[in-house]
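Notes follow the structure.
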Amino acid sequence: MAKGTMIIDGLRVPFDGEKNVLSVIRKAGIDMPTFCYYSELSVYGACRMCIVEDVKTGKIDASCSMEPRDGLEIRTNTSRLLQHRRLILELLLASHDCSCTTCGKSGNCRLQELAQRFGVRHIRFPDTRPRFATDNTSHAIFRDPNKCILCGDCVRVCEELQGQGILNFACRGSDLQVMPAFDKKLSETKCVGCGQCAAVCTTGAITVNDQIGDAWRALHDAKKRVVVQIAPAVRVAIGENFGLPAGTNVLDKLVTALKLMGADEVYDTNFGADMTTISEAEEFLGRLKNGGPFPMFTSCCPAWVKYLELNNPHYLKNISSCKSPMEMLAAVIRDRYAEKDAADGRTTYQIAIMPCTAKKMEAARDEFIHDGRPDVDLVLTTRELVDMIREAGIRFSELEPESPDLPFGLGSGAAVIYGVTGGVAEAVVRYCLPDKSKNALRAVSVTNLRGTDGIREVVLPLEGQELRIAIVNGLANARELLRRIDAGEVSYHLIEVMSCQGGCVGGAGQPYGLTAAKRKRGAGLYEPGYAYCYIGSSAWVSQLTEEPMLDPQARIFNVTDMDGKFNHMIGTVQCGAAAFDWARANLFGGAGDKDILDISRIE
């Protein structure tokens with residue numbers, strides 16, 4: 001890699017391995033404006049906002065596509081550069097739908113930010129572009145081509161990180177557009193709803209499907225009992241929008257905020273994650289005993305499940321039969337409150353706060369709708385919740401903490417790490433290991449189960465055999481791993497796949513953040529106090545049996561139709577016999593109306 005010293009605006013700045021001049025400029029503390037530059041994608045060099053001027057030659061070039069050179073002297077702010085940048089912004093605004101006050105990206109729009117920064121107050125050019133139809137056919141995202149500035153970020157993230165290629169450039173010259181092939185609606189394509197295009201979009205051209213209005217209507221409806229669950233990844237990211245460092249765990253403040261906004265009960269999705277771990281691990285042990293089918297894929301990521309359905313349906317038999325933690329907990333809550341709803345005439349309305357846009361799609365799947373109602377009535381992303389907190393005028397950083405409600409406000413350390421890549425696999429491994437001492441769990445934690453690489457492999461001993469595990473984040477990496485499996489190059493017993501980089505902490509519904517922020521969020525989930533709790537005589541189960549805050553023999557909910565009802569609550573539409581039989585035998589006791597979920601038996 002190149003090494004040397006550049007002169008930037010009169011300052012000597014050393015560089016060592018930076019891939020372009022733009023990186024060296026930012027290293028010097030100068031905030032260069034960009035639209036099309038995203039450090040985790042290939043260099044596109046189209047917007048020309050990052051142009052610099054060579055002092056010796058007077059040449060102007062885009063710094064994102066310039067290699068650093070020893071002795072290179074440039075200026076980042078001259079009259080010529082300022083004139084060029086203002087003209088670029090004016091031309092972009094002239095062909096842009098400037099209904100900023102009603103745009104979902106208002107306040108977070110890069111075009112809006114740079115237009116204000118560079119003082120663009122007048123647009124001399126008329127907008128001659130035709131109006132294009134919007135696309136609201138996706139449960140996850142909303143597309144408005146009239147606000148697209150052709151930066152290409154969505155095209156590259158869809159192809160390079162997700163391997164999908166759903167969006168691309170079409171037509172030429174002034175007719176150039178970004179669209180799915182043949183201008184299809186997103187619902188007509190193989191889009192999996194991961195939402196990463198919305199995460200990188202610099203304007204309001206692609207945004208998360210906004211359901212804030214539905215949430216407020218439910219919270220203000222006296223006939224509805226609003227029950228909220230919060231996913232692990234949300235707690236370590238939402239604070240970034242309120243001035244707190246990435247990775248700060250603000251779960252207790254979130255509970256307070258939701259109660260102030262009108263929620264009746266607030267639970268932790270960790271409870272559902274613990275149920276998932278137990279069921280998924282037992283199913284995995286059953287497959288080990290019966291010789292397959294392998295590999296067993298985790299089922300927590302709805303975008304990954306959708307990817308297999310659309311692209312590799314022959315692998316559907318390999319997916320774990322367990323529901324995701326969100327859906328598992330939602331089914332339990334729905335069953336628990338059924339009798340109470342009948343008694344007081346209210347309807348329990350479930351809202352899930354998730355880091356993921358694909359969860360909106362998951363909640364709408366047919367197998368999760370019963371008696372005409374989805375188990376999860378509404379999914380809000382982290383960013384939607386941020387907007388609601390601000391709309392309510394809540395000073396988040398000043399809130400007093402409040403714990404989630406019992407009994408579904410509890411969870412182990414194996415559950416909270418579901419929010420980071422490798423977390424699900426680690427939770428399953430923790431459960432399967434016969435040695436659950438702290439030293440054994442520490443040994444597991446220093447393996448490749450933890451990390452940020454796109455594809456990681458781990459080999460662990462288990463009951464006399466080698467357990468081969470793969471951890472993947474990013475669908476492009478998942479596609480590559482499937483290719484290797486199909487070619488016979490590799491084989492595994494267990495594969496965890498998360499569609500988003502870094503896992504759920506990097507979900508498209510989270511506050512905008514690059515790899516560094518995602519790593520800090522993941523580190524927040526591995527904080528001491530969580531790190532070595534585990535499922536199987538787990539810390540929270542021990543706490544329940546040792547402390548009087550909840551009677552471990554209490555009936556959490558009645559189960560009268562075991563075969564139908566447990567399959568509905570725990571398993572997916574293709575519920576596997578191993579998970580079903582184990583959970584029926586170990587989580588429930590008795591028969592008929594005496595069947596109960598007995599917390600003390602989860603050990």
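Positions are given from 1, in the same order as the sequence printed here.
No side-chain donor-acceptor contact under 3.5 Å links Q501 to the backbone of G506. With R383 contributing its side chain and Q510 its backbone, the two residues share a donor-acceptor pair below 3.5 Å. Not one N or O on the side chain of D144 forms a donor-acceptor pair closer than 3.5 Å with the backbone of G204. The main-chain N or O of S499 is found under 3.5 Å from a side-chain atom of Q162 such that the two form a donor-acceptor pair. In this structure, the side chain of R235 engages the main chain of P232 through a donor-acceptor pair within 3.5 Å. No side-chain donor-acceptor contact under 3.5 Å links T269 to the backbone of G272. Of the possible donor and acceptor atoms, one in the side chain of T357 sits under 3.5 Å from a partner among the backbone N and O of G193. The main-chain N or O of S491 is found under 3.5 Å from a side-chain atom of R468 such that the two form a donor-acceptor pair. Between the side chain of N473 and the backbone N or O of D453 there is at least one donor-acceptor pair closer than 3.5 Å.
Between the CE atom in M354 and the CG atom in L385 there is a gap of 11.5 Å [rounded to 0.5 Å]. Atom-to-atom distance recorded for E188:CD and D183:CG is 9.5 Å, nearest 0.5 angstrom. The structure places NZ of K147 at 10.5 Å from NZ of K105, a figure rounded to the nearest 0.5 Å. Taking CE from M296 and CG from N318, the interatomic distance works out to 10.0 Å, rounded to the nearest 0.5 Å. The SG atom of C500 sits 4.0 Å away from the CD atom of Q196 when rounded to the nearest 0.5 Å. The distance from atom CD1 of I206 to atom CG of L167, rounded to the nearest 0.5 Å, is 5.0 Å.
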I'd like to know whether H139 forms a side-chain hydrogen bond (donor to acceptor under 3.5 Å, both in side chains) with N209, so could you lay out the CA-CA distance, the side-chain angles of the two residues, the decisive distance to 0.1 Å, and finally the verdict. CA-CA 7 Å; H139 289 289; N209 184 20; 5.7 Å; no

- Could you walk me through whether V332 and M275 pass side-chain contact (heavy atoms from CB on, under 4.5 Å), step by step? CA-CA 10 Å; V332 171; M275 296 173 70; 3.6 Å; yes

Exercise for the section: Please lay out, stage by stage, how R483 and E489 fare under the test side-chain contact (heavy atoms from CB on, under 4.5 Å). Expected result: CA-CA 9 Å; R483 184 199 66 76; E489 299 174 10; 3.4 Å; yes

What do the steps show when you test R26 against T34 for side-chain hydrogen bond (donor to acceptor under 3.5 Å, both in side chains), and what is the final call? CA-CA 12 Å; R26 288 180 170 172; T34 60; 3.3 Å; yes

**Prompt:** Could you walk me through whether T381 and E384 pass the side-chain hydrogen bond (donor to acceptor under 3.5 Å, both in side chains) check?
**Reply:** CA-CA 5 Å; T381 62; E384 286 175 282; 3.1 Å; yes

Q.
Please determine whether side-chain contact (heavy atoms from CB on, under 4.5 Å) holds for the pair Y37 and S23, giving the CA-CA distance in whole Å, both sets of side-chain angles, and the decisive distance to 0.1 Å.
A. CA-CA 11 Å; Y37 183 75; S23 300; 3.8 Å; yes

- Message: Run E496 and T298 through side-chain hydrogen bond (donor to acceptor under 3.5 Å, both in side chains) and show every step you take.
- Response: CA-CA 5 Å; E496 177 202 303; T298 57; 5.8 Å; no

Worked verdict on V192 versus W304 for side-chain contact (heavy atoms from CB on, under 4.5 Å):
CA-CA 8 Å; V192 297; W304 160 240; over 6 Å; no

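No more than 12 heavy-atom neighbours from other residues, nucleotides or ligands sit within 6.0 angstrom of CD on E466. In K185, the NZ atom is crowded: over 12 heavy atoms of neighbouring residues, nucleotides or ligands sit closer than 6.0 Å.
The pair E240-K520 does not count as a salt bridge, with every side-chain nitrogen at least 4.0 angstrom from each carboxylate oxygen. A salt bridge links R334 and D377; the closest N-O separation between the charged side-chain nitrogens and carboxylate oxygens is under 4.0 Å. Remark: K323 does not engage E367 in a salt bridge, criterion side-chain N to carboxylate O under 4.0 Å. The pair K359-E362 counts as a salt bridge, with a side-chain nitrogen and a carboxylate oxygen less than 4.0 angstrom apart.
Taking the six-membered ring where tryptophan is involved, the planes of Y44 and F169 are essentially parallel, since the angle between them stays under 30° and well short of 60°.
In this structure the side chain of T452 never reaches within 4.5 angstrom of the side chain of T515, judged on heavy atoms. Residues L288 and Q465 are in side-chain contact: their nearest non-hydrogen atoms beyond the backbone lie under 4.5 Å apart. In this structure the side chain of V208 reaches within 4.5 angstrom of the side chain of K360, judged on heavy atoms. Looking only at side-chain heavy atoms (C-beta outward), Y418 and C300 come within less than 4.5 Å of each other. L460 places a side-chain heavy atom less than 4.5 Å from the side chain of I469. Residues R143 and P180 are in side-chain contact: their nearest non-hydrogen atoms beyond the backbone lie under 4.5 Å apart. Side-chain atoms of Y315 and I495, non-hydrogen and from C-beta on, never get closer than 4.5 Å to each other. Looking at heavy atoms from C-beta onward, N448 lies out of side-chain contact with E457 at the 4.5 angstrom threshold.
Across E280 and V428, no two heavy atoms sit closer than the pair OE2-CG2, 4.0 Å. Residues L41 and R156 approach most closely at CB-NH1, 3.8 Å, considering heavy atoms. When all heavy atoms of M498 and V424 are compared, the pair lying nearest together is CE-CG2, 3.5 Å. Of all heavy-atom pairs spanning A476 and E160, the tightest one is CB-O, 3.6 Å. Minimum interatomic distance between E283 and C322 (heavy atoms only, all atoms of both residues): OE1-SG, 3.9 Å. Across all non-hydrogen atoms, the minimal contact from R365 to K306 is NH1-CD, 4.4 Å.
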